[in-house]
Peer 1: 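Got a structure for you, written out below as structure tokens; questions coming shortly.
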Amino acid sequence: MLNNIPVAPLDGQKFIATMKENAIDIEKHTTGTHIRNFSTSGSLKGLEFGINFIFDCAHMQTVWMSWDGGNTKKYGYDTTESQLLSDKDTLVKLLSKSFNRNPDEINKASSTFQFPWGHISASASIQSSTAAIGISWNFLEIMILKIEDGYFFATESISLFRGMKREKLSSIDQDWKVWIRHGNEEIAYKTSFEIKKNKMIIICFFEENDGPIKFWDFGPAKGMNGFQSKPEGKYTRKVRRWFLDEFGIMLPQSGTWGEIDAFHDPHNHTTSVFCIYK
């Protein structure tokens, strides 16, 4: 989040468009390779940071947030090692409070919090006299969800968004199968893919008469099946926890585009992540 706007981990085009739409100034740094850098500034929990977004081709690979405060602001390149480590410890405490847990890996210069989607670390660099927070993603198995408009992107070949027409499904490299027909019209499609060797299923539903996408349903093929007597219960809590742990996104989320939340189907005894567009 930057100024309460989700900007990571978006693909390159979506990142640049989002920054322009929200009037966030960014500076582009070319490297002469497939690596691209963009820099700006922002705040986190009242602390000011210089922020560097690093892209490998179209994928956001790392976000590097260098703290503009603490001992570095007071002493610059004269900051001592012990002062830098103290700044690093301040950032570790900030992250520990946010995640409500201690780091998974701790050494002198850095502390790292591991997640299924990647890791977040706080570190101190003696060479550059900085204390920073770094965020990295596992790109081989990443799924990106752009919350502000319900944009769904997975495995580089699945993308769903408000206003999308069904012919768009046939234009991308993914095996979509017809799931529901109404009369002679196809209104729902289903496909699957794997994340960390776990099968995921997504179903999208369209308005009749060649209308746009109406809603989509996403979740693991196994592990979330079972009956709960009310709309809220064991399995909806389990799905929300899974979604937060896997993708770093807390449910529910809503906006002018619609709403995303865990949904329990009492007839089929299944629970999944459900997005309905307005």
Side-chain angles (χ1 to χ4, degrees), residues 6 8-15 55-61 114-119 136-147 149-181 186-206 212-226 235-236 238-253 257-265 268-277:
L10 300 179
D11 64 83
Q13 291 183 343
K14 289 288 183 180
F15 171 79
F55 287 80
D56 185 347
C57 295
H59 298 296
M60 186 180 293
Q61 185 180 58
Q114 297 288 353
F115 299 93
W117 49 266
H119 66 267
S136 295
W137 289 271
N138 302 324
F139 283 102
L140 292 178
E141 301 173 314
I142 195 168
M143 186 197 80
I144 300 172
L145 187 62
K146 185 181 176 185
I147 293 301
D149 58 6
Y151 176 86
F152 179 101
F153 170 80
T155 69
E156 298 187 357
S157 60
I158 301 176
S159 59
L160 305 174
F161 50 89
R162 184 175 63 166
M164 177 180 177
K165 290 297 190 74
R166 67 197 72 192
E167 58 263 26
K168 179 69 176 179
L169 292 180
S170 60
S171 68
I172 55 180
D173 184 21
Q174 182 67 30
D175 185 22
W176 289 94
K177 298 184 182 300
V178 177
W179 185 243
I180 298 175
R181 285 187 174 89
E186 301 169 354
I187 61 171
Y189 302 83
K190 178 181 179 181
T191 192
S192 64
F193 59 96
E194 287 191 353
I195 295 180
K196 300 175 184 175
K197 299 182 179 180
N198 294 318
K199 184 179 180 180
M200 302 289 156
I201 294 175
I202 182 164
I203 304 172
C204 56
F205 299 78
F206 289 84
I213 189 170
K214 186 176 183 180
F215 49 82
W216 52 255
D217 184 296
F218 166 75
K222 298 179 180 180
M224 302 298 175
N225 298 338
Y235 289 100
T236 47
K238 185 176 181 181
V239 165
R240 291 190 187 105
R241 181 75 252 181
W242 165 78
F243 203 65
L244 177 62
D245 289 343
E246 286 290 336
F247 310 117
I249 298 173
M250 184 175 292
L251 297 177
Q253 297 283 343
W257 49 268
E259 182 178 5
I260 299 174
D261 198 4
F263 172 77
H264 179 71
D265 181 347
N268 296 311
H269 297 182
T270 59
T271 308
S272 56
V273 177
F274 191 83
C275 173
I276 183 167
Y277 294 114

Peer 1: Is there side-chain contact between Asn225 and His269, with heavy atoms separated by less than 4.5 Å?
Peer 2: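 When only atoms from C-beta onward are counted, His269 and Asn225 do not touch, as no gap falls below 4.5 Å.
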Peer 1: Just how far is it from atom OH of Tyr235 to atom CE of Met224, taken to the nearest 0.5 Å?
Peer 2: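 Taking OH in Tyr235 and CE in Met224, the distance rounds to 10.0 Å.
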Peer 1: I need the Asp217 CG to Thr271 OG1 distance, nearest 0.5 Å.
Peer 2: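 Interatomic distance, Asp217 CG to Thr271 OG1, rounded to 0.5 Å: 10.0 Å.
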Peer 1: At their closest point, which heavy atom of Leu244 faces which heavy atom of Met250, and how far apart are they?
Peer 2: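 Smallest heavy-atom distance, with atoms named: CD1-N, 3.9 Å.
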Peer 1: For atom NZ of Lys199, is the number of surrounding heavy atoms from other residues, nucleotides or ligands below 6.0 Å larger than 12?
Peer 2: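 Counting neighbours around NZ of Lys199, 12 or fewer heavy atoms of other residues, nucleotides or ligands fall under 6.0 Å, so no.
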Peer 1: In chain order, what residues pass the side chain to side chain donor-acceptor pair (under 3.5 Å) check against Tyr189, with sequence neighbours excluded?
Peer 2: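 Tyr189: side chain to side chain donor-acceptor pair (under 3.5 Å) contacts with Glu186.
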Peer 1: If you compare all heavy atoms of Phe206 against all heavy atoms of Met164, which two are closest, and at what distance to 0.1 Å?
Peer 2: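 Of all heavy-atom pairs spanning Phe206 and Met164, the closest is CE2-O, 3.5 Å.
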Peer 1: At what distance, to the nearest 0.5 angstrom, does OG1 of Thr270 lie from CG of Asp265?
Peer 2: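 If we round to the nearest 0.5 Å, Thr270:OG1 and Asp265:CG are 4.5 Å apart.
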Peer 1: What's the shortest heavy-atom distance between Trp257 and Cys275, and which atoms?
Peer 2: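 For Trp257 and Cys275, the tightest heavy-atom pair comes out as CZ3-SG, 4.0 Å.
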Peer 1: Quick one: does Trp216's side chain get under 4.5 Å of Val273's, heavy atoms only?
Peer 2: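 A side-chain contact exists here, since the closest heavy-atom pair is under 4.5 Å.
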Peer 1: Going from NZ on Lys190 to CD1 on Ile203, what distance comes out if it is rounded to the nearest 0.5 angstrom?
Peer 2: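 CD1 of Ile203 is found 5.5 Å from NZ of Lys190.
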Peer 1: Between Val239 and Ala262, what is the shortest heavy-atom contact and its length?
Peer 2: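 Looking at all heavy atoms of both residues, the closest pair is CG1-CB, 3.9 Å.
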Peer 1: So which atom in Gly219 and which in Trp242 form the shortest heavy-atom distance, rounded to 0.1 Å?
Peer 2: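 Distance-wise, the nearest heavy atoms are CA-CH2, 4.2 Å.
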Peer 1: In sequence, state the C-alpha distance, the side-chain angles, and the governing distance for Thr191 and Ile202, and then conclude on side-chain contact (heavy atoms from CB on, under 4.5 Å).
Peer 2: CA-CA 6 Å; Thr191 192; Ile202 182 164; 3.5 Å; yes
Peer 1: Less than 4.5 Å apart, side chain to side chain, heavy atoms only: is that true for Cys204 and Trp176?
Peer 2: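 A side-chain contact exists here, since the closest heavy-atom pair is under 4.5 Å.
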Peer 1: Quick one: closest heavy-atom pair of Asp261 and Arg240, and the distance?
Peer 2: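 Smallest heavy-atom distance, with atoms named: OD1-NE, 2.8 Å.
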Peer 1: Using ring-ring contact (aromatic ring centres under 6.0 Å, His included) as the criterion, list what pairs up with Phe263, not counting sequence neighbours.
Peer 2: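 ring-ring contact (aromatic ring centres under 6.0 Å, His included) list for Phe263, sorted by chain: Phe274.
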